[in-house]
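Step one of this worksheet: look at the structure below.
Start at 1 with the first residue, then count along the sequence. Side chains are part of it too, since the values below use all heavy atoms of this structure and drop only hydrogens, waters and symmetry mates.
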Amino acid sequence: MENTERTFRIGPIRPPSEAESLLLQVTNGCTWNRCKFCNLYRHTKFRAYSADSIKADIDNMAYQAERVRRYRKADGTWDIDGLNAELARGTEDERQCFYMMANWIMGGAENVFLQDGNTTALSSGRLSDVLIYLRKTFPTIKRITSYGRAENLAKVSAGEFAELKAAGLDRIHSGFESGSDAVLKKINKGVTQQQEITAGRNVKAGGIELSIYFMPGIGGRELTEENAAETARVVNAVDPDFLRIRTAAVKPGTELYDDFKAGALTLCSDDEKLLELRRVIADAEGVETRLVSDHIINLLQDVEGSLKNDKDAMLAMIDDYLVMPEKEKRMYQAARRRIRVSKPEDMNRLSPAELERLEEMAMSVKDPYQWEVEMNRLISRYI
């Protein structure tokens, strides 16, 4: 059906690193949609849009971009009052699209993220067609990024990835979550360690940057050591460009939360999650991977850097935290979950009254496991 509003589709998610990117939805939902820790697409039937439909959205993006450019002054600055007046016009969808395009154009119009959860499910030919059209329409683009499930990526050859790279795809984000087959089965990820390795190696061989995700604690206390050791094995086998940390949180409404309530999964403590991360960092050998901590759910935001050159510094940060007195750990955890701090040193800038409230909270829960349950509740608000 013709889009008379000149709007374009916008999906529900994107990585934090793509916060300033233009969002182009090429699929809707997730091809698997059965991971126990995620319910984002539970009531959404997967759909891959046609190349013509996606190109129509790109045309509407170009239309919105021209509306924005009218308010650029001769000296390169922007008529903000005019932009705000323009933003007030039209339907809610039109305003949303104009707002996204204004932010993107004013920010340099450089990066684009392809949505939704598994855009590489499109045939390489269809996706290449879209990429070429997108870059032709917006010549200022410097990077195009996409999500991709390891299961699907493993079916794509290095040669096909090279074709996608030539067409304009620069980076793929893939939620490996764990390298352990036992953990992957427990969370019903629908992929194996070998598929992850095959997928990662093919992406890299095709010249596309690879960003994979690791969830410390996702296998529960029962599989904590295996989660770390086998994830390190995958990192060493693949050498991804980025290893992004997403500390596990068991969210109400998911099957994994049902497992937790039924006693089939024991929550890991923050210390155990950090020990998993420590093991992955320590076991990394000969990789150029950069560890990235870019989400509020991660306890120690500053633990990031090159697994080759910054290993000792990252391990020292974790070790410094692990030897803190238990009460201080709890106070820091509570402050972190309230977005008041990003590292233990930040506690020094909190007011005496706030520190007193944090101490009261830390001492109010006697059972260590109940404390972890409370921290999980707080973390779950951010996913």
CA sep, side-chain torsions, deciding dist, call: T289, D239, side-chain hydrogen bond (donor to acceptor under 3.5 Å, both in side chains): CA-CA 6 Å; T289 305; D239 191 10; 3.2 Å; yes

Going through the checks in order, is the side-chain hydrogen bond (donor to acceptor under 3.5 Å, both in side chains) test met by R143 and T145? CA-CA 7 Å; R143 187 186 76 213; T145 308; 3.3 Å; yes

Using side-chain hydrogen bond (donor to acceptor under 3.5 Å, both in side chains), reason through T224 and E272 one step at a time and then give a plain yes or no. CA-CA 7 Å; T224 184; E272 288 166 329; 5.9 Å; no

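In terms of heavy atoms, A62 sits closest to T137 at CB-CG2, 3.9 Å. Across K366 and R330, no two heavy atoms sit closer than the pair O-NH2, 4.2 Å. Across all non-hydrogen atoms, the minimal contact from D270 to E372 is N-OE1, 3.5 Å. Pairing each heavy atom of T140 with each of A109, the nearest pair is OG1-O, 2.7 Å. When all heavy atoms are compared, the tightest approach of Y369 to L267 is OH-N, 2.9 Å. K308 approaches V287 most closely through the heavy-atom pair CB-O, 3.3 Å.
Side chain to side chain, N227 and S178 meet the donor-acceptor criterion of an N or O pair below 3.5 Å. Q64 and R67 share a donor-acceptor pair across their side chains, judged by distance under 3.5 Å alone. Using modelled atom types and a 3.5 Å distance limit, the side chains of Y133 and D59 yield a donor-acceptor pair. Counted by atom type alone, E288 and S306 present zero donor-acceptor pairs between their side chains at under 3.5 Å. A donor atom on one side chain and an acceptor atom on the other are found under 3.5 Å apart for Y71 and E86. Of the N and O atoms on the side chains of D75 and T77, at least one donor lies less than 3.5 Å from an acceptor on the other residue. Side-chain contact, R9 with S53: a donor N or O sits under 3.5 Å from an acceptor N or O. Of the N and O atoms on the side chains of T27 and D116, not one donor lies less than 3.5 Å from an acceptor on the other residue. Between T192 and D181, the side chains place no donor N or O within less than 3.5 Å of an acceptor N or O (distance only, hydrogens not considered). Looking at N236 and D283, their side chains never bring a donor and an acceptor atom within 3.5 Å of each other.
If you take CH2 on W371 and CG on N376, they are separated by 13.0 Å, rounding to the nearest 0.5 Å. One distance of note links CG of L299 with CG of D271; it measures 8.5 Å at 0.5 Å rounding. To the nearest 0.5 angstrom, I172 atom CD1 is 7.0 Å from L164 atom CG.
Put simply, the residue from N202, T120, T198 that forms a side chain to side chain contact (heavy atoms under 4.5 Å, CB included) with L153 is T120. Just one of R34, K261, R42, K186 meets the salt bridge (Lys or Arg N to Asp or Glu O under 4.0 Å) condition when paired with E255; it is R42.
In this structure, R290 does not pair ionically with D241, as no charged nitrogen and carboxylate oxygen lie closer than 4.0 Å. Residues R233 and E230 are paired through a salt bridge, judged by an N-O separation under 4.0 Å between the basic side chain and the carboxylate. Salt bridge status for R171 with E209: present, with a side-chain N to carboxylate O gap under 4.0 Å. No salt bridge links R6 with E94; every basic N to acidic carboxylate O contact stays at or beyond 4.0 Å. A salt bridge links K165 with D170: the distance from a Lys NZ or Arg NE/NH1/NH2 to an Asp or Glu carboxylate oxygen falls below 4.0 Å. Salt-bridge check for R349 with E354: failed, with every basic side-chain N at 4.0 Å or more from each acidic carboxylate O. A salt bridge links D129 with K55: at least one charged nitrogen is closer than 4.0 Å to a carboxylate oxygen. A salt bridge does not link E345 to K343: none of the charged nitrogens lies less than 4.0 Å from a carboxylate oxygen. Salt bridge absent: R279 and E276 never bring a charged side-chain N and a carboxylate O closer than 4.0 Å. Salt-bridge check for D346 with R336: failed, with every basic side-chain N at 4.0 Å or more from each acidic carboxylate O.
For the pair Q115 (side chain) and G11 (backbone), a donor-acceptor distance under 3.5 Å is present. Without hydrogens or angle criteria, T254 side chain to F37 main chain gives no donor-acceptor distance under 3.5 Å.
No more than 12 heavy atoms of other residues, nucleotides or ligands shown are found within 6.0 angstrom of CD on E225. Annotation for R47: atom CZ does not count as buried by contact number, only 12 or fewer foreign heavy atoms lying within 6.0 Å. Within 6.0 Å of atom CZ in R126, more than 12 heavy atoms from other residues, nucleotides or ligands are found, so the atom counts as buried in its surroundings. The number of heavy atoms from other shown groups lying within 6.0 Å of NZ (K311) is above 12. Other residues, nucleotides and ligands place more than 12 heavy atoms under 6.0 Å from the CZ atom of F46. Few gaps surround CD on E110; more than 12 heavy atoms of other groups in view lie less than 6.0 Å from it. When the shell of 6.0 Å around CE of M324 is examined, it contains more than 12 heavy atoms from other residues, nucleotides or ligands.
L223 and Y257 fall within a single hydrophobic cluster, where Ile, Leu, Val, Met, Phe, Trp and Tyr are joined by side-chain heavy atoms under 4.5 Å apart, directly or via other members. Cluster annotation: I383 and L277 are assigned to distinct hydrophobic clusters (Ile/Leu/Val/Met/Phe/Trp/Tyr, side-chain heavy-atom contacts under 4.5 Å, transitive).
Taking the six-membered ring where the residue is Trp, the centroids of Y147 and F113 are separated by under 6.0 Å.
Cation-pi check for K329 over Y321 is met; the charged atom lies under 6.0 angstrom from the ring centroid and within 45 degrees of its normal. Cation-pi geometry between R244 and F242 is met: the NZ or CZ atom falls under 6.0 Å from the ring centre, inside 45° of the normal.
Annotation: side chain of P16 is in contact with side chain of R246 (closest heavy-atom distance under 4.5 Å).
Ring geometry for F138 versus W104: interplanar angle over 60°, hence perpendicular rather than tilted (30 to 60°).
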